[in-house]
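A short worksheet on the structure shown next.
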Amino acid sequence: MHEFLLPLIQKALLSAGIITDKPIQIEQPADKKFGDFSTNIALLAAKECRRNPRELAQEIIQHLTFQPDTIAKIEVAGAGFINFYLAPIFIMRSVEMVLDNGGGYGKGSMGNGKKALVEYVSANPTGPLTIGRGRGGVLGDCIANLLETQGYQVTREYYFNDAGRQMQILGESVRLRYLECCGEAIDFPATHYQGEYIGEIAETLYAEHGKELLEMMDISLFKKSAETTIFASIRQTLDRLQIRHDSFFNEHKLYTAEDGDYSANQKVINALREKDFIVEYDGATWFQTTRLGQEKDKVLIKSSGEPSYRLPDIAYHITKFERGFDMMVNVFGADHIDEYPDVLEALKILGYNTERINIAINQFVTTTVDGQTIKMSTRKGNADLLDDLIDDVGADATRLFFIMRGKDSHLNFDVDLAKKQSKENPVFYLHYAHARICSLLRMGIQETGFDPTSSKEHQLLRLLSSPAEVQLGFALLNFPDMVKTSLRMLEPQKMVEYLHSLAELFHRFYQECPILKAEADICKARLFLSAATRQILRNGFRILGVSAPESM
RNA sequence: GCCCUUGUAGCUCAGUGGAUAGAGCAACAGUUUCCUAAACUGUAGGUCGGCGGUUCGAGUCUGCCCGAGGGCACCA
């Protein structure tokens, strides 16, 4: 609808001779008595024009020209707001587009073929996925879906490292458990991986090899075995949530030189050295961030000669630019919050446009079971496994609960609520609206032989004018704007809220307006409206990665 | 001690410098001869953590204080 109003206002400003560099903001007032849409442009422009806002608003209104039957009323209100009331007939006419476009309704061309990269999950294969990772995974997946609806060519990437120190410890942990299987007495250090899965991997090795690995001091076989098993389990868990990646980027690539060339890591050092941001002391190589006003320099190469995580991170981001991505989104958990500023600083120094990088940070998750809040802690056994949560509440509830709060909010995952089969549970409420429409349409075909999904008599929608119908129709038209808002804010939560309110409006319509019992044309019109609602629910569910049950 | 996020109704949370601060759930009171009552309607519920500042206007920006979560490694 913004596409409809924005040009109208722009033209009015132009013909009224009002010049302002303030952006035209169109919002939907919380209270319907202030119209369907409203703009505060007169308030914003008043200051620079040195005019009274209300007078200015009045003048803008006089220069607004539009087709009859589109806008029912325009008024100046409050301090100088301009409020628009759409004509019901215009709303219902517009709903026809939902049916005409079907699954394509809500798609946009913001991306226009541009290449986008979304990096998410990116857990190293040291253990099964935790609930906290799940939130980021779902968030990233939804953001990727949103980008796709806007015409971006999206790559979903998983960045991992199977070479570092943590992986060494992992291999060592498996070896120790293996020795245990062989009946050796061992001392298992607290610094090693405590989870039960380590023992399971060791047992598998014991079953395959017996005691023949007993004397093997090289841990690479143990490490490899652990990595393969754990990665398989991670991917299986992600698969249960419909989270998929197109690309798995192994950090190790950045360490190795190709054809006598420098490694990607070394190139970063060279380039930063050229910019005079590299210093060496204490046996290590440092990124001189003190020159940027920070308290301490940051280590890039440890005195052991190994790069610290920061160096490959910078090199990795450079590959994103080199691979030609116009837009990049990194989804991180709150524990990585201190990681990215240094990376961005380095990229800026090296001349990359860091405005193309968007950081989406999600706060942590606590779960509530039987009214008891359980705090999540990483690296402490396996009390917070994502798999267990999916077993408990199902994939749809897991996904939806992760994104139904803003990513900045410290999510409280109420496991009992997620399992409830009633409207208290938002998953259920959304599913029910969809299933109810499916049932209604089935019944409609049975009783009247009319199928709104194959009929083209969409213009019958114009017969509808009751408040419940018009409000539902209006909500449907907001879908494209909601998609854009969700993407702009990198916040799928907006979509969840929108769909919830849509479901609510449908239930009210269903309650107030008899459908199959109505006069033939009205019946058809209402079935069209129902079909359009179902279409939007489906389009929204697809973005959120939630199923659309046909019956319940 | 420093940095990031956060504090809004009983609970879980929206709120993009603008109008009398909203929603869902819970609570209370109603609605089914009728397409799924797995639903709908209505009522009540607030010192926007606290104290200052910026301005025509602050829940929103800013300073300090208090509470919560996270981070402050030659771990990732």
Side-chain angles (χ1 to χ4, degrees), chain A residues 25 27 29-31 33-34 38 40 43-44 46-47 53 77-81 83 122-124 126 160-161 164-167 169 191 251 282-286 294-296 298-310 312-313 333-339 341 361-364 366 368 375-376 379 404-414 417 420-426 428-429 431-433 435-444 446-447 468 485 488-489 493-494 496-497 500-501 503-504 506-518 523 526-527 530 551-552:
Chain A
Q25 294 171 21
E27 57 165 25
D31 195 329
K33 78 182 177 203
F34 296 125
S38 133
N40 63 350
L43 286 154
L44 294 177
K47 200 178 274 180
F81 293 95
N83 298 339
S122 293
N124 285 340
T126 58
F160 73 103
N161 173 10
R165 185 175 150 68
Q166 292 304 319
M167 292 301 290
I169 295 175
T191 49
E251 179 185 326
D282 295 346
T285 303
W286 304 74
Q294 295 192 25
E295 279 179 31
K296 285 168 72 181
K298 302 290 167 60
V299 173
L300 293 181
I301 300 178
K302 302 185 254 181
S303 54
S304 65
E306 297 172 291
S308 81
Y309 68 91
R310 246 177 282 263
D313 256 14
D335 52 338
H336 285 241
I337 218 153
D338 283 337
E339 177 176 334
I361 289 176
N362 62 279
Q363 288 296 326
F364 280 149
T366 54
T368 302
K375 218 185 281 179
M376 289 306 145
R379 298 180 195 190
M404 74 181 187
R405 304 295 176 228
K407 57 184 182 294
D408 284 334
S409 102
H410 302 265
L411 178 68
N412 191 321
F413 197 119
D414 187 334
L417 177 62
K420 268 190 196 150
Q421 310 275 301
S422 74
K423 73 171 289 192
E424 296 164 60
N425 181 353
F428 215 81
Y429 190 73
H431 277 167
Y432 177 57
R436 197 177 208 185
I437 296 171
C438 290
S439 163
L440 172 69
L441 299 194
R442 277 194 302 268
M443 194 84 61
Q446 211 172 69
E447 289 192 9
T485 302
R488 184 169 43 80
M489 298 174 75
Q493 185 225 7
K494 297 292 154 206
V496 180
E497 279 193 343
H500 194 276
S501 72
E504 200 166 25
F506 176 76
H507 286 310
R508 177 193 281 172
F509 155 72
Y510 183 93
Q511 192 82 16
E512 287 183 13
C513 306
I515 299 167
L516 301 179
K517 304 270 184 292
C523 168
R526 287 180 177 158
L527 285 170
S530 303
S551 65
M552 290 168 69

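Note on naming: letters A, B, ... go to the chains in the order of the sequence lines (proteins, then strands), and numbering restarts at 1 for each one.
The heavy-atom pair separating A/L516 from A/C523 by the smallest distance is CA-SG, 4.1 Å. When all heavy atoms of A/K302 and A/S308 are compared, the pair lying nearest together is CE-CA, 4.1 Å.
An aromatic stacking contact links A/F81 with the base of B/A19, defined here by ring centres under 5.5 Å apart and ring planes under 30° from parallel.
Rounded to whole Å, the distance from CD on A/Q511 to P on B/A37 is 7 Å. At whole-Å resolution of the value, OH in A/Y510 and P in B/A38 are 11 Å apart. Distance, A/M552 CE to B/A38 C1': 6 Å, rounded to whole Å. When rounded to the nearest whole Å, the span between CG of A/D335 and P of B/C72 equals 9 Å. Atoms CD (A/E504) and C1' (B/C25) sit 11 Å apart, rounded to a whole Å.
Look at the P atom in both B/C72 and B/C64: the space between them is 24 Å, to the nearest Å. Nucleotides B/A14 and B/U5 have their P atoms positioned 15 Å apart, rounded to a whole Å. The separation of B/C51 from B/U12, taken at their P atoms, amounts to 23 Å, rounded to a whole angstrom. One C1' atom belongs to B/C66, the other to B/G52, and the distance between them is 15 Å to the nearest Å. B/A68 and B/G22 have their C1' atoms separated by 24 Å, with the value rounded to a whole Å. Taking atom P in both B/U41 and B/A21, one finds a spacing of 23 Å when rounded to whole Å. Comparing the C1' positions of B/A9 and B/C48 gives a spacing of 10 Å, expressed to the nearest Å. Using atom C1' as the reference point in both B/G59 and B/G49, the two lie 12 Å apart (nearest Å).
No engagement by A/R310 is indicated, since no non-hydrogen atom pair under 4.0 Å with the nucleic acid exists. Base contact: A/S439 has a heavy atom under 4.0 Å from a base atom. Residue-level contact check: A/N362 touches neither bases nor backbone, having no heavy atom under 4.0 Å from any strand. At the heavy-atom level, A/S501 lies nowhere under 4.0 Å from the strands shown. No contact: A/E447 has no heavy atom under 4.0 Å from any strand. Backbone-only contact: A/E251 has heavy atoms under 4.0 Å from sugar-phosphate atoms and none from a base. Contacts of A/R508 with the nucleic acid, taken as non-hydrogen atoms under 4.0 Å apart, involve only primed sugar atoms and P, OP1 or OP2. Within 4.0 Å (heavy atoms only), A/H507 reaches sugar-phosphate atoms of the nucleic acid but no base atom. Note on A/N161: only backbone sugar-phosphate atoms sit closer than 4.0 angstrom, heavy atoms only; bases stay farther off. Using a 4.0 Å heavy-atom cutoff across all strands shown, A/Q493 reaches sugar-phosphate atoms only and no base atom. Counting non-hydrogen atoms under 4.0 angstrom, A/C513 reaches a base of the nucleic acid. Here A/G406 lies in heavy-atom contact (under 4.0 Å) with sugar-phosphate atoms only. Nucleic acid contact class of A/H336 (heavy atoms, under 4.0 Å, all strands): base.
Both A/E295 and A/A77 lie near RNA chain B, and the one whose nearest nucleotide falls closer to the 5' end is A/E295. Heavy-atom nearest nucleotides on RNA chain B were determined for A/T485 and for A/N412, and the one closer to the 5' end corresponds to A/N412.
Side-chain N/O atoms of A/Y429 include none lying less than 4.0 angstrom from OP1 or OP2 on B/A37. Neither OP1 nor OP2 of B/A73 sits under 4.0 Å from any side-chain N or O of A/K298.
Shown here, B/G10 forms a base pair with B/C25; the pair counts as Watson-Crick or G-U wobble because both key distances fall under 3.5 Å. Pairing for B/C72 goes to B/G1, judged as Watson-Crick or G-U wobble with the two contacts each under 3.5 Å. The partner of B/C51 is B/G63, by the rule that a Watson-Crick or G-U pair needs both atom distances under 3.5 Å. Searching all strands for a Watson-Crick or G-U wobble partner of B/A58 with both distances below 3.5 Å returns nothing. Using Watson-Crick or G-U wobble geometry with both donor-acceptor distances under 3.5 Å, B/A37 finds no partner in any strand shown.
To the nearest 0.5 Å, atoms CH2 (A/W286) and CG (A/L300) are separated by 9.5 Å. Taken from CG in A/L440 to CZ in A/F506, the straight-line distance is 6.0 Å, to the nearest 0.5 Å. Of the inter-residue distances, the one linking A/Q363 atom CD with A/D335 atom CG reads 10.0 Å to the nearest 0.5 angstrom. Here the OH-OG distance, from A/Y510 to A/S530, works out to 9.0 Å after rounding to the nearest 0.5 Å.
For the pair A/T191 and A/I169, the minimum side-chain heavy-atom distance is 4.5 Å or more.
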